[in-house]
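Numbers restart at 1 for each chain; the letters A, B, ... are given by sequence-line order, proteins then strands. Keep in mind the model is a prediction, meaning the values are calculated, not measured.
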2 protein chains.
Amino acid sequence: MAQLRRVVLERLMRYYRFLSESSFKKPPQTVTSAQIAAALDIDATQVRKDFSAIGLLGIGRVGFDVCEVCRAIRVQLGFDQQHDAILVGTGRLGTALLAYSGFERYGLRIVAAFDFDREKTGSEIAGCEVKPMRAMKPFIRKHDIKLAILTTPRQVAQKLADRLISTGIKAIWNFAPTRVTVPSGVLVRDEHISLGLSEIAYHLTHGTEREPESDSQRQVS
Amino acid sequence: MAQLRRVVLERLMRYYRFLSESSFKKPPQTVTSAQIAAALDIDATQVRKDFSAIGLLGIGRVGFDVCEVCRAIRVQLGFDQQHDAILVGTGRLGTALLAYSGFERYGLRIVAAFDFDREKTGSEIAGCEVKPMRAMKPFIRKHDIKLAILTTPRQVAQKLADRLISTGIKAIWNFAPTRVTVPSGVLVRDEHISLGLSEIAYHLTHGTEREPESDSQRQVS
DNA sequence: AGATAAACGTGATAAAAATCTCGATAGGGG
DNA sequence: CCCCTATCGAGATTTTTATCACGTTTATCT
């Protein structure tokens, strides 16, 4: 199977969330591409193409089996496998992520948190132990951790990323408000909330006068 | 000037952050498109095209004036104007956003927070008063608020969005883990962190075997 | 001053993403 | 049983986004 592109992965996630939350799991447990398309504001053809890309076939006049779709997405995105992660930086955002229980359904479990601050180490946040930074390297090695969630201040983000990678981390989910550079073979996903602000500020500043050709709902993501 | 597309706005934000943080503001205060390109992993031509789109011209053999670039981006993205926002839902993520002081430089100020929880109302979070939900409508009207930051649980997000819009809100920055549907003329920016998880989980599950055609650094977002 | 080279602006081109079109398939009603 | 139509699959097309190619501008060196 060909490499799935990022846009496809993100749409798969959207389909998955929609189908998990929706009432389509009641009998007859089928959904059409048009229904998904309408709910998520995506073209129906696009939905079918994405499904086709992960080997899902629908049936004419019926649609797709919801359970089968969810299962296929789980397999593709690896939600069935348990991924243990550590979190680095227990500021407010780090704390919020530790407390968020929604990751478990995607196979993600945060097994430890690390911080420089002596005041914090030793305590627990949302049932997760906060350890001192010097304990990080042995912990990663011992538990063979592959993913780190970076929620530190901007100034130390790159330095910590380097440290994480030298210890064997293969993916970094970066919430620090700066870009992090990594060698090939390691994945970084920068989650800059400030990018969203560019669109919002622009919209508020330049008013609502977009081309009025469409009266449909306006949605971005 | 033509409508700027979302990808362009996001890149402008990245340029702005990079130039604000960087040392290019020292004399001679110039930067070349190639320098920006290298730092942000964007093609240099793209940088020049984006600058050209907001009316910025560089000079051959020199590059661009850093101050002028920053000013132009600020003007385009409206960072010079003050945008007052309210925050709805003072859970952990809401609290983290209230405490984040980085928005001010983009002209965004959170002037009040609202919550259903009687325990929280009346208190202050990071210097921002938490008010009861029934005070929301009069507050929006009185202060002519145009932007709301939505950090509620999934179940109430749509209902509150509807309420916000009926009161005159023109843009919603949605951090609730669900999609929010709005009428035309209102902007929603959904900030789903779980979308990032799709890419990370896929990478961890399917290993690092991407096409090895490029030995450059791997960076997304 | 003229040669040189770094950097720009922009039209042309390529690649990626989204959308359209249409023949095929399969339930449901007569 | 056969028609009708909702739905699918996938090739063709369009739109958007990114990259290339190349002529122009401008500081620096001799």
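- One interatomic measurement links the two molecules: CG of A/Asp50 to C1' of C/dA17, which rounds to 10 Å at whole-angstrom precision.
- Reading DNA chain D from its 5' end, the first and the last nucleotide to sit under 4.0 Å from a heavy atom of chain B are D/dT16 to D/dA27.
- Remark: C1' of C/dA16 and CG of A/Leu9 are 15 Å apart, rounded to the nearest angstrom.
- The closest side-chain heavy-atom distance from A/Ile172 to A/Arg189 is not below 4.5 Å.
- Of all the heavy atoms in B/Val180 and B/Gln158, the pair that sits closest is CA-OE1, 3.4 Å.
- The aromatic rings of A/Trp173 and A/Phe175 sit tilted relative to each other, their planes meeting at an angle between 30° and 60°.
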*Verdict with supporting geometry, B/Asp50 and B/Arg48, salt bridge (charged side-chain N to carboxylate O under 4.0 Å, His left out)*: CA-CA 5 Å; B/Asp50 291 337; B/Arg48 296 199 296 273; over 6 Å; no
_Nucleic acid footprint by protein, nucleotides 7-13 of chain C - heavy-atom cut-off 4.0 Å, B for base, S for sugar-phosphate alone_ = SSBBBB-
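- Whole-Å rounding puts the A/Arg11 CZ to C/dA17 C1' distance at 8 Å.
- Taking 4.5 Å as the limit, every side-chain heavy atom of A/Tyr16 sits out of range of all side-chain heavy atoms of A/Leu77.
- Taking 4.5 Å as the limit, some side-chain heavy atom of A/Ile73 sits within range of a side-chain heavy atom of A/Ile54.
- When each of B/Asp190, B/Thr151, B/Thr152 is checked for a side-chain hydrogen bond (donor to acceptor under 3.5 Å, both in side chains) with B/Asn174, only B/Asp190 meets the rule.
- Remark: A/Arg17 engages B/His192, B/Ser194 in a side-chain hydrogen bond (donor to acceptor under 3.5 Å, both in side chains) (not counting sequence neighbours).
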